[in-house]
Amino acid sequence: MKFMKLGSRPDTFYTAEAVRSVSSEVSSDLIIQVKGSRYLLHKFPLLSKCLRLQKLCAESPESSLHQIVQLPDFPGGLEAFELCAKFCYGITITLSAHNIVSARCAAEYLQMTEDVEKGNLIYKLEVFFSSCILHGWRDTIVTLQSTKAFPWSEELGITSKCIEVIASKVLIHPSKVNLSHSHSRRLKDDISCNGVDSQRHKQATRGWWAEDVAELNIDLYWRTVIAIKSHGKVPSNLIGDALKVYASKWLPSISRNDFVDASDSDSDKANELSAKHRLLLESLISLLPAEKGSASCSFLLKLLKAANILSASHASKMELARRVGVQLEEAMVIDLLIPSLSYTTQMVYDVDIVMTIIEHFMLQWQSPPTSPPRSRIGFERRRSRSAENIDFELQESRRSSSASHSSKLKVAKLVDRYLQEVARDVNLPLSKFTSIAESVPEFARLDHDDLYKAIDIYLKAHPDMGKSERKRLCRILDCKKLSVEACMHAAQNELLPLRVVVQVLFFEQARATMAGSKVAELPSNIKALLAAHNIDPSKPPAPLSTTTSVQADDQQSISGLKSPKSKLSTLQMKLAEDDYLNENDMHPDGMSRPSKFKAFCSLPTRPKRIFSKLWFTNRSIMEKN
């Protein structure tokens, strides 16, 4: 760190009876009061260099011994005044990045200009600031940080000059920047023995400035990053990394208990801390680069958690939700578990903001509107384009479509695992659970095992659910996409509606028959249940009958399966009845919702040839065994 010494005389200032004075053979004739402290000094050395003191002494009446001058609003305080007074006496003073701002503001206040005396303090400070301070990276950072305590630094241009120098130096390789000894030694650790940047530290070297700039307070940091972005030469991902460094330093891990459970005595302190963190957070959000991927999804979700806890503005939350939605495929389940601080609900997690994130994710992949028909001129122009350009566009289109499909598959897995976590919340409404589950396209779920686990967890956490609610919950489940293990678990799950269990058994038997293998042995409890109602799953069903009826008021029981003339037709009627009832169920919003199982659960009144072959094959295998 650079420093400059002025003057050659030893320090002769001393304190006697709460008054600061200077040892001299000449008696003092001037009393200066600075913010409650008294200085007993001499007119000649001070007035010869300070134009303001000349004016004040001329305006104030002289007493017999001492003339009194008041300086109540002196910038920099006692330390800065004493430094200027020592300069006037020729006493040695030391200037550095730590005190140059206070000294410059004090000299400006006292009007220590060249018009009063050549080589005055302002001139010497300006030379030191321009030739030394601004040439050193660390000196510039320290000087800029110290300007926050001195409003005069804005008028003197100190703050803007420091910011501009920092913004220009972040574009330079650190080896060409005048760093301090400690920074130079840290840089050598990132350089291999042959003088070439190692691949492992190359990225860290490109963002070498982030940790140093993170020492600034949020106002100065915001202005500095804006200046860096205005140059347009720093990659957006480095800006995002720098914001992450700053957030980890000044926005530590915040829990809801930090503010919700604060005692009355600490409430004012907690509110002040919350307001400070809220300002910092919203400032960081406004600095996020617009480019996708400039900040990691994990970092954005951490900011969103903090925004929820700190009660940030709605606009800030929605901006973060939009940014997360654009790159949702990179998220992890633990990052999506955003605590809820709503006073209207008692839910553990904020599922509404996650729903908003998913909506933004789906919006980005929506197909653009169909373009209007091209004119003849446009058609001829298109034909004149080279085949290479057309082929390139086709490849780009396929690549974009492939990326869209892959992202949706990842998000579908993410959503199902997220549902497994939030399903444990006893206060989570069924409507919110199903809304999140249905926000993912059906084709994006290659299997429904994770979704089934989430439904099973929700049923266990909500044992008091009614029959219609259980049926509504299971509508989102596709039994055909369950694995063998999931089917076996579902077949024994007493919490599922009976129609779902029957569907699982039916599709598992059909799958095993099509594979040409023996049907897996059913659990003992399921066999007992079916035997109690005269249903033998090992035998093929009798010819379909259209005369079998089922009691309409029994939606969940198995009374409709008693003594059937045709087990398969009874099953058909039972499922058809449930589908009819489901179609007439009304949602809380008053809109009816068709059953998702109608397409594959309803069987025709006459058996198709494929099912006849399946049952014949199954019976032949059973007879051989």
Side-chain angles (χ1 to χ4, degrees), residues 1 97 101 129-130 132-148 150 153-154 156-180 182-184 186-187 190 197 201-251 277 279-300 302-303 306 316 319-320 323 326-327:
M1 184 170 288
V101 177
F129 177 70
S130 302
C132 295
I133 296 296
L134 294 182
H135 280 243
W137 168 259
R138 189 63 189 166
D139 292 324
T140 308
I141 294 289
V142 173
T143 302
L144 178 59
Q145 181 70 338
S146 63
T147 59
K148 63 182 180 180
F150 304 100
S153 61
E154 288 287 351
L156 298 175
I158 300 175
T159 304
S160 59
K161 289 178 182 178
C162 289
I163 291 175
E164 186 59 33
V165 167
I166 292 173
S168 62
K169 286 184 177 181
V170 300
L171 305 173
I172 307 174
H173 192 275
S175 61
K176 299 180 181 180
V177 179
N178 186 11
L179 301 173
S180 63
S182 60
H183 282 67
S184 299
R186 186 178 65 184
L187 177 63
D190 296 336
D197 285 15
H201 295 102
K202 188 173 183 179
Q203 185 68 19
T205 304
R206 292 178 63 194
W208 60 272
W209 48 271
E211 292 186 5
D212 294 329
V213 177
E215 296 181 5
L216 301 172
N217 71 312
I218 187 58
D219 294 331
L220 296 174
Y221 182 81
W222 189 89
R223 294 174 59 182
T224 303
V225 174
I226 290 295
I228 293 173
K229 293 172 67 176
S230 65
H231 285 79
K233 298 180 180 180
V234 178
S236 59
N237 64 316
L238 292 185
I239 299 292
D241 292 341
L243 296 177
K244 184 177 181 179
V245 171
Y246 192 88
S248 63
K249 184 179 180 65
W250 296 103
L251 196 65
H277 284 156
L279 173 63
L280 189 151
L281 174 65
E282 293 178 350
S283 300
L284 290 180
I285 295 173
S286 67
L287 291 174
L288 288 170
E291 294 79 2
K292 177 182 178 180
S294 56
S296 66
C297 191
S298 175
F299 173 56
L300 293 175
K302 288 179 181 177
L303 292 181
S316 298
E319 174 64 15
L320 287 174
R323 290 178 177 271
V326 171
Q327 52 196 84

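Only heavy atoms go into these numbers, but all of them, side chains included; no hydrogens, no water, no symmetry mates. These figures come from a predicted structure and were not determined experimentally. Positions are given from 1, in the same order as the sequence printed here.
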So, taking the atom named [atom1] in [X] and the one named [atom2] in [Y], what distance separates them when rounded to the nearest 0.5 Å?
X: L303; Y: L281; atom1: CG; atom2: CG; answer: 6.0 Å
X: T140; Y: D212; atom1: OG1; atom2: CG; answer: 11.0 Å
X: K161; Y: T147; atom1: NZ; atom2: OG1; answer: 13.5 Å
X: S286; Y: L243; atom1: OG; atom2: CG; answer: 9.0 Å
X: L280; Y: W222; atom1: CG; atom2: CH2; answer: 13.5 Å
X: L216; Y: K249; atom1: CG; atom2: NZ; answer: 10.5 Å

### Message
Please list all pairs meeting salt bridge (charged side-chain N to carboxylate O under 4.0 Å, His left out) that have one or both residues in residues 223-236, counting only residues at least two apart or in different chains.
### Response
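Sorted result for residues 223-236: E154-R223.
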
If I compare all heavy atoms of [X] with all of [Y], which pair ends up nearest, and what's the gap?
X: A167; Y: H231; answer: CB-CE1, 3.6 Å
X: S153; Y: T159; answer: OG-OG1, 3.4 Å
X: A227; Y: S230; answer: O-OG, 2.5 Å
X: S316; Y: I285; answer: CB-CD1, 3.7 Å
X: S130; Y: H135; answer: O-CD2, 3.2 Å
X: L279; Y: S283; answer: O-OG, 2.8 Å

### Task
Measure the shortest side-chain to side-chain distance between L288 and L320 over non-hydrogen atoms and say whether it is less than 4.5 angstrom.
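They are in contact (side-chain heavy atoms under 4.5 Å apart), so the answer is yes.
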
### Message
Please determine whether side-chain contact (heavy atoms from CB on, under 4.5 Å) holds for the pair C162 and F129, giving the CA-CA distance in whole Å, both sets of side-chain angles, and the decisive distance to 0.1 Å.
### Response
CA-CA 10 Å; C162 289; F129 177 70; 4.0 Å; yes

### Query
Yes or no on side-chain contact (heavy atoms from CB on, under 4.5 Å) for L284 and Y221, after CA distance, side-chain angles and deciding distance?
CA-CA 9 Å; L284 290 180; Y221 182 81; 4.2 Å; yes

### Query
With distance as the sole test, does Y246 use its side chain to make a donor-acceptor pair with the main-chain N or O of I218 at under 3.5 Å?
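Pair found, side chain donor or acceptor close to backbone of I218.
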
Name all residues meeting the side chain to side chain contact (heavy atoms under 4.5 Å, CB included) criterion together with [X]; count only those two or more places apart in sequence or in a different chain, and write none if there are none.
X: V234; value: V170, L171, W209, I228, L238, I239
X: K302; value: S298
X: A97; value: M1, I133, D139, V142, T143
X: N217; value: Q145, K148, D219, L220

### Query
Among all residues two or more places apart in sequence or in another chain, which pass the side-chain hydrogen bond (donor to acceptor under 3.5 Å, both in side chains) test with Q327?
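Scan of Q327 (side-chain hydrogen bond (donor to acceptor under 3.5 Å, both in side chains), adjacent residues dropped) gives E330.
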
### Task
Identify which one of V165, I166, I172 satisfies the side-chain contact (heavy atoms from CB on, under 4.5 Å) criterion when paired with W137.
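Running side-chain contact (heavy atoms from CB on, under 4.5 Å) over V165, I166, I172 with W137 returns exactly one hit, I166.
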
